[in-house]
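Quantities reported herein were computed from a predicted structural model and do not represent experimental measurements. Side chains included, hydrogens not; waters and symmetry mates left out as well; all remaining heavy atoms used.
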Amino acid sequence: MSYTPSEIEAKWQKQWEEEQAFEPSDSHTQPKKYILSMFPFPSGRLHMGHVRNYAIGDALARYYRKQQFNVLHPIGWDAFGMPAENAAIKHGRHPKEWTYSNIDYMRNELNTLGLSFSKTREFATCDPLYTKHEQKFIIEMFEKGLLYRESTTVNWCESCHTVLANEQVEEGCCWRCDNPVELKEMPGYYLDIIRYADELLEDLAQLEGKWPSQVITMQRNWIGKSQGLAFAFELTEESKAKLGGKFERYEVFTTRPDTIYGVTYSALAPEHPITKHLVDHGLLETEVAEKIKTIANMSEVDRAKREKEGYPLGISVIHPLTGEEIPVWTANFVLASYGGGAVMAVPAHDERDFEFATKYGLPIKRVIEGGEELPYTGSGTLVESGRFSCVESDEAKIAIINYMEEEGKGKGTTNYKLRNWGVSRQRYWGAPIPFVHCPSCGLVPEKFENLPIALPDDVEITGEGNPLENHPTWKHCHCPKCGGEAVRETDTLDTFVQSSWYQFRYATNPKKWEEVGIDKEDADYWLGVDQYIGGIEHAILHLLYARFFTKVLRDLGYHDVDEPFERLLTQGMVLKDGAKMSKSKGNTVDPDALVAKYGADTARLFILFAAPPQKELEWNDSAVDGAFRFIKKLYDRKSKVTGNTLPDIDHGILNKESKLARVKVYEALQKSTEVYEKSFAFNTLIAACMEALNALDKQDDGDVWTEGMYIMLNLLEPIIPHVATELSETLFARANFGGRIEVKEEVFVQESILYVVMIGGKKRTEIEVDPAASQEEILALAKEAGEKWLQGMQVVKEIVVPNKLVNLAVKPS
RNA sequence: GCGGAUGUGGUGGAAUUGGUAGACACGCCAGACUUAGGAUCUGGUGCCUAACGGUGUGGAGGUUCGAGUCCUCUCAUCCGCACCA
């Protein structure tokens with residue numbers, strides 16, 4: 001009978017469903033593996049990137065299940081978010097209806113791929129039950145002071161009508177819709193991720209070698225820790241008076257306290273309160289004030305692209321060590337969001353300060369020796385630095401910090417580039433932030449017993465404004481504290497909040513889902529995720545947030561896990577015609593069509609064979625044919641099998657071809673452990689199986705065939721589960737899926753060994769050598785075989801590499 | 001500019017500690033069979049050469065009996081961050 005994937009696949013998918021074959025055991029005594037592919041957003045249809053992601057995860061889950069591990073391999077839906085609302089605006093569908101019907105469709109698509117997911121642990125993050133527990137976490141974070149509300153300048157995406165976190169701004173544009181981001185002052189909720197910056201940074205060391213180094217570096221840079229000195233510049237009396245006594249001093253931060261004697265001016269961000277005060281109170285020339293306002297309205301990216309620009313503010317500060325008067329400027333290169341929005345400028349030893357000073361003719365004073373030209377940003381001996389002259393930079397940094405601390409003028413400080421995580425979104429399709437604004441009590445969290453604060457279903461989604469804000473009744477409520485009339489918060493949580501703890505939700509036994517968000521015992525058993533698989537695009541966003549949440553939830557007592565994802569594999573993109581598959585480019589390959597034509601096994605085989613998982617995968621239709629051909633051939637060779645169990649084979653009596661076939665089969669078996677547990681180079685394992693099948697085909701021993709198929713089906717089941725299970729069931733009653741198969745070393749023992757003979761570093765000929773031959777015998781044989789090339793030559797060195805080659809180094813005699 | 005990665009046939013990609021470069025597959029060429037198929041099977045296929053042989057892992061050096069692999073320099077491509085004081 002020929003290979004009919006549709007029948008075989010439907011049959012086994014049904015059987016797996018009936019057997020509940022992929023549910024983990026509730027027992028916590030067995031060794032476990034938690035294999036997790038990043039959960040999908042229910043956009044409507046699966047794409048090839050999903051197929052790749054889940055094919056990799058499924059291969060690992062199935063492999064470990066076969067090695068007798070208790071395997072958790074769950075799937076769910078990252079279901080809140082903008083596209084649901086866009087669908088509502090465009091097609092008039094309710095986000096909830098759109099989302100859940102997409103989930104139903106995509107769940108079915110996943111089924112046809114034969115993925116071994118747990119069915120009982122599936123959930124969508126928009127389920128009110130999920131929201132309920134999340135809101136509780138958020139309130140607990142508020143009570144711990146980790147969540148706070150503040151009005152500040154935020155990134156605003158006009159097309160998404162919402163605020164974005166710093167991590168969600170890419171090159172000045174919205175990560176989702178690519179619209180330029182604007183700055184806007186508005187209130188919002190923030191999670192104090194900076195409080196965890198040090199731990200997030202330090203624990204990256206634990207992930208070394210287990211996460212791609214690229215991702216670790218990106219996170220390290222994103223956190224951007226730097227150490228230095230923070231100190232205050234005291235305003236001159238005259239300047240204080242000019243500012244109406246509103247300001248006495250302002251703080252600056254420097255990583256180069258050793259250059260402090262080289263300060264020749266100070267610069268404030270255009271948003272700095274002092275700059276604002278001067279602008280707002282007409283203390284600057286109108287023209288200058290206008291220019292400053294223009295800069296302040298520009299996004300950081302726009303500013304970065306422009307030439308340095310600044311204006312003197314007509315005020316001065318006093319140098320804390322020299323007592324000199326220093327002019328204060330405002331400048332477009334000073335960031336409001338870092339280091340207090342103010343800098344000390346040392347043009348001699350900083351490129352930006354130099355550029356600015358040169359443009360505006362400000363003085364430049366060298367205080368570090370070294371380099372021929374200025375600016376010199378390296379280290380060296382201090383000069384013209386008062387009592388610190390002649391000290392080396394490194395020493396001087398410490399000495400100056402110490403001195404400033406003793407004098408009460410400054411403090412050694414750590415600064416981070418990382419900003420606190422803004423989690424409020426002015427959108428409908430998200431988890432409501434469970435707070436109430438009470439005219440008498442202020443900001444009050446909801447009572448736990450009132451959770452979840454669920455979304456109202458009867459909303460009108462027009463794209464204008466926040467539907468929760470516009471809803472006639474939803475936001476009106478009573479204060480949980482005083483009972484008086486109050487107004488509900490209408491902002492919803494960033495969807496990255498949901499994906500920050502889903503790994504714990506899966507681990508929690510579904511029987512407890514109603515009651516608890518995370519079960520401690522379950523979480524401690526299952527976490528960390530042994531292998532996490534997903535796209536590199538989450539290197540910072542999701543992976544940083546999830547690490548942060550893990551630590552916060554640990555400190556709230558929910559579990560004892562420090563890092564959520566033990567090992568991380570970042571899969572490469574799926575390309576066609578050299579570009580990422582996308583609808584707009586029209587270069588997509590539809591997974592459903594592929595499965596319909598070839599079956600899921602071929603789709604999975606091709607995807608794992610075409611490239612190592614970490615690399616980009618270029619789609620190739622005819623290579624898909626090749627994968628299909630291999631499965632057909634494998635299926636066809638079932639007729640060669642003569643026994644129903646692993647046979648005992650007397651290796652000695654076999655002919656050469658059969659011996660070679662066994663070598664190939666066992667080589668594949670040897671390779672499989674390393675591939676499934678370490679390298680994930682499925683392409684090489686599949687190649688090894690192809691070699692084995694080719695070698696089996698060149699011989700006709702029934703036992704060798706039986707053994708070969710017995711082993712190969714075991715190795716291939718994680719990759720092509722339907723056809724492998726079908727064959728294994730018919731041929732071996734699935735006995736070959738029982739556990740690890742032992743490698744028979746005797747197969748690798750050879751009667752003679754092929755040595756390559758190299759003369760003068762070049763391959764010249766080959767010799768067959770008895771395995772027992774001594775080094776002298778091998779050399780004698782090699783010289784005899786290589787006589788032709790040795791004439792007129794003198795052998796100056798003889799090298800024998802056991803089982804490999806002989807190299808004779810020669811020179812003309 | 002800073003940081004990270006990658007460069008191997010026509011293509012995707014293989015190559016323990018440095019030890020026969022190009023496994024496996026696609027494509028291509030030739031042939032067989034034929035119920036004429038986008039089927040199956042057999043053989044060939046890095047480049048130059050009629051052949052002997054030479055040459056070959058982005059480029060240039062170096063270490064070594066021996067380098068895709070190690071070292072130095074250099075070029076190209078991709079990705080991330082981007083005035084972080």
Side-chain angles (χ1 to χ4, degrees), chain A residues 2 170-172 212-222 224-226 228-229 252-256 259 266-267 269 300-301 303-308 331-335 337-346 349-353 355-356 415-419 536-537 539-540 573 575 605-606 609-612 614-627 629-630 632-633 636 674 681 683-694 697 754-766 795-811:
Chain A
S2 66
E170 291 169 352
E171 297 189 9
S213 59
Q214 201 194 155
V215 176
I216 295 178
T217 314
M218 280 165 75
Q219 291 214 354
R220 206 165 266 146
N221 294 343
W222 188 262
K225 179 177 180 170
S226 54
L229 169 72
V252 295
F253 173 74
T254 177
T255 54
R256 291 296 303 271
T259 64
S266 171
E300 284 191 3
V301 187
R303 288 187 218 178
K305 283 184 197 143
R306 293 179 155 252
E307 208 188 311
K308 302 252 176 307
N332 65 344
F333 69 89
V334 181
L335 303 174
S337 57
Y338 187 82
V343 295
M344 68 173 214
V346 185
H349 305 292
D350 181 281
E351 278 168 25
R352 292 155 306 178
D353 298 347
E355 202 186 319
F356 192 82
N415 244 323
Y416 301 93
K417 286 195 214 173
L418 184 70
R419 303 288 89 214
I536 185 110
E537 65 272 20
I540 294 180
M573 282 192 300
L575 310 177
L605 180 66
F606 167 74
F609 181 57
Q614 298 87 342
K615 278 193 79 163
E616 293 182 333
L617 185 155
E618 175 70 34
W619 197 265
N620 179 337
D621 285 323
S622 44
V624 177
D625 277 320
R629 219 171 294 153
F630 171 74
K632 267 198 292 191
K633 187 165 155 185
D636 174 74
E674 190 251 323
N683 53 330
T684 64
L685 176 62
I686 295 164
C689 288
M690 287 173 169
E691 279 187 70
L693 189 61
N694 291 345
D697 244 347
L754 191 70
Y755 275 75
V756 167
V757 178
M758 297 175 79
I759 292 165
K762 283 181 182 140
K763 181 191 166 185
R764 290 304 185 186
T765 185
E766 293 171 348
V795 176
V796 289
K797 194 159 183 183
E798 298 166 339
I799 283 122
V800 178
V801 181
N803 303 322
K804 292 264 183 193
L805 57 79
V806 176
N807 192 5
L808 303 171
V810 293
K811 68 172 188 189

Legend entry - U11(B) to U45(B) separation - C1' atoms, rounded to the nearest Å: 14 Å
Inset, instruction - Taking all non-hydrogen atoms of both residues into account, name the closest pair between A267(A) and V334(A) and its distance. - result: CB-CG2, 3.7 Å
Inset, instruction - Both distances under 3.5 Å, Watson-Crick or G-U wobble: report the partner of A25(B), or none. - result: U11(B)
Inset, instruction - With heavy atoms under 4.0 Å as the rule, sort A610(A) into base, sugar-phosphate or nothing. - result: sugar-phosphate
Inset, instruction - Map E616(A) and R303(A) onto RNA chain B by nearest heavy atom, then report which one ends up closer to the 5' terminus. - result: E616(A)
Legend entry - Side-chain N,O (K797(A)) to OP1/OP2 (C65(B)) below 4.0 Å: yes
Legend entry - Sugar-phosphate, base or nothing in reach of R220(A), heavy atoms under 4.0 Å: nothing
Inset, instruction - Answer with base, sugar-phosphate or nothing: what part of the nucleic acid does N694(A) contact at a heavy-atom distance below 4.0 Å? - result: sugar-phosphate
Inset, instruction - Please state whether the phosphate of U20(B), meaning OP1 or OP2, lies under 4.0 angstrom from any side-chain nitrogen or oxygen of R764(A). - result: no
Inset, instruction - Under 4.0 Å between any heavy atoms, over every strand shown, what does N807(A) touch: base, sugar-phosphate, or nothing? Just pick one. - result: base
Inset, instruction - Using whole Å, report how far CG of L617(A) lies from C1' of U11(B). - result: 13 Å
Inset, instruction - Looking at every strand, decide which applies to S226(A) at a 4.0 Å heavy-atom threshold: base, sugar-phosphate, or nothing. - result: sugar-phosphate
Legend entry - Shortest non-hydrogen separation from D353(A) to M344(A) and the atoms involved: OD2-O, 3.9 Å
Inset, instruction - Write down the distance separating the P atoms in A21(B) and G13(B), rounded off to the nearest Å. - result: 23 Å
Inset, instruction - Taking only the side-chain heavy atoms of F609(A) (C-beta and beyond), determine which of C24(B), C26(B), C65(B) contains the nearest atom. - result: C24(B)
Inset, instruction - Check every strand shown and say whether K417(A) touches a base, only sugar-phosphate, or nothing at a heavy-atom separation below 4.0 Å. - result: base
Legend entry - Within 45° cone of F333(A) ring axis and under 6.0 Å: K308(A) NZ or CZ: yes
Inset, instruction - Taking atom C1' in both G54(B) and G3(B), compute the distance separating them and give it to the nearest angstrom. - result: 44 Å
Inset, instruction - Under 4.0 Å between any heavy atoms, over every strand shown, what does E766(A) touch: base, sugar-phosphate, or nothing? Just pick one. - result: base
Inset, instruction - Tell me the partner of U63(B), counting only Watson-Crick (N1-N3 plus N6-O4 or O6-N4) or G-U wobble (N1-O2 and O6-N3) with both under 3.5 Å; none if nothing fits. - result: none
Inset, instruction - Just call it for V334(A): base, sugar-phosphate, or nothing, with non-hydrogen atoms closer than 4.0 Å on any strand. - result: base
Inset, instruction - Using modelled atom types only, decide if a donor and an acceptor are shared between the side chain of N221(A) and the backbone of G224(A) within a distance under 3.5 Å. - result: no
Inset, instruction - Write down the distance separating the P atoms in A25(B) and U40(B), rounded off to the nearest Å. - result: 13 Å
Inset, instruction - Look at the side chain of V756(A) and decide which nucleotide, out of U20(B), U40(B), C84(B), has an atom nearest to it. - result: U20(B)
Legend entry - Closest nucleotide among C84(B), C24(B), C41(B) to the K633(A) side chain: C41(B)
Inset, instruction - Report which part of the nucleic acid G224(A) touches: base, sugar-phosphate, or nothing (heavy-atom distance under 4.0 Å, all strands). - result: nothing
Legend entry - Distance between C1' atoms of C24(B) and A30(B) (Å, rounded): 22 Å
Legend entry - Interatomic distance where CD1 belongs to I799(A) and C1' belongs to G18(B) [whole Å]: 13 Å
Legend entry - C70(B) versus G18(B) - spacing of their C1' atoms, nearest Å: 8 Å
Legend entry - Within 6.0 Å of CD in E351(A), more than 12 heavy atoms from elsewhere: no
Inset, instruction - Determine the interatomic distance between C1' on G22(B) and the same-named atom on G10(B); round to the nearest Å. - result: 14 Å
Inset, instruction - Would you classify R306(A) as touching base, sugar-phosphate or nothing, given that sugar-phosphate means primed atoms plus P, OP1 and OP2, and contacts are heavy atoms under 4.0 Å? - result: base
Inset, instruction - Have a look at K308(A) and say if it touches a base, only the backbone sugar-phosphate, or nothing, with a 4.0 Å heavy-atom cut-off. - result: base
Inset, instruction - Assign P612(A) to base, sugar-phosphate, or nothing according to its heavy-atom contacts below 4.0 angstrom with the strands shown. - result: sugar-phosphate
Inset, instruction - Between G53(B) and G62(B), how far apart are the P atoms? Round to whole Å, please. - result: 28 Å
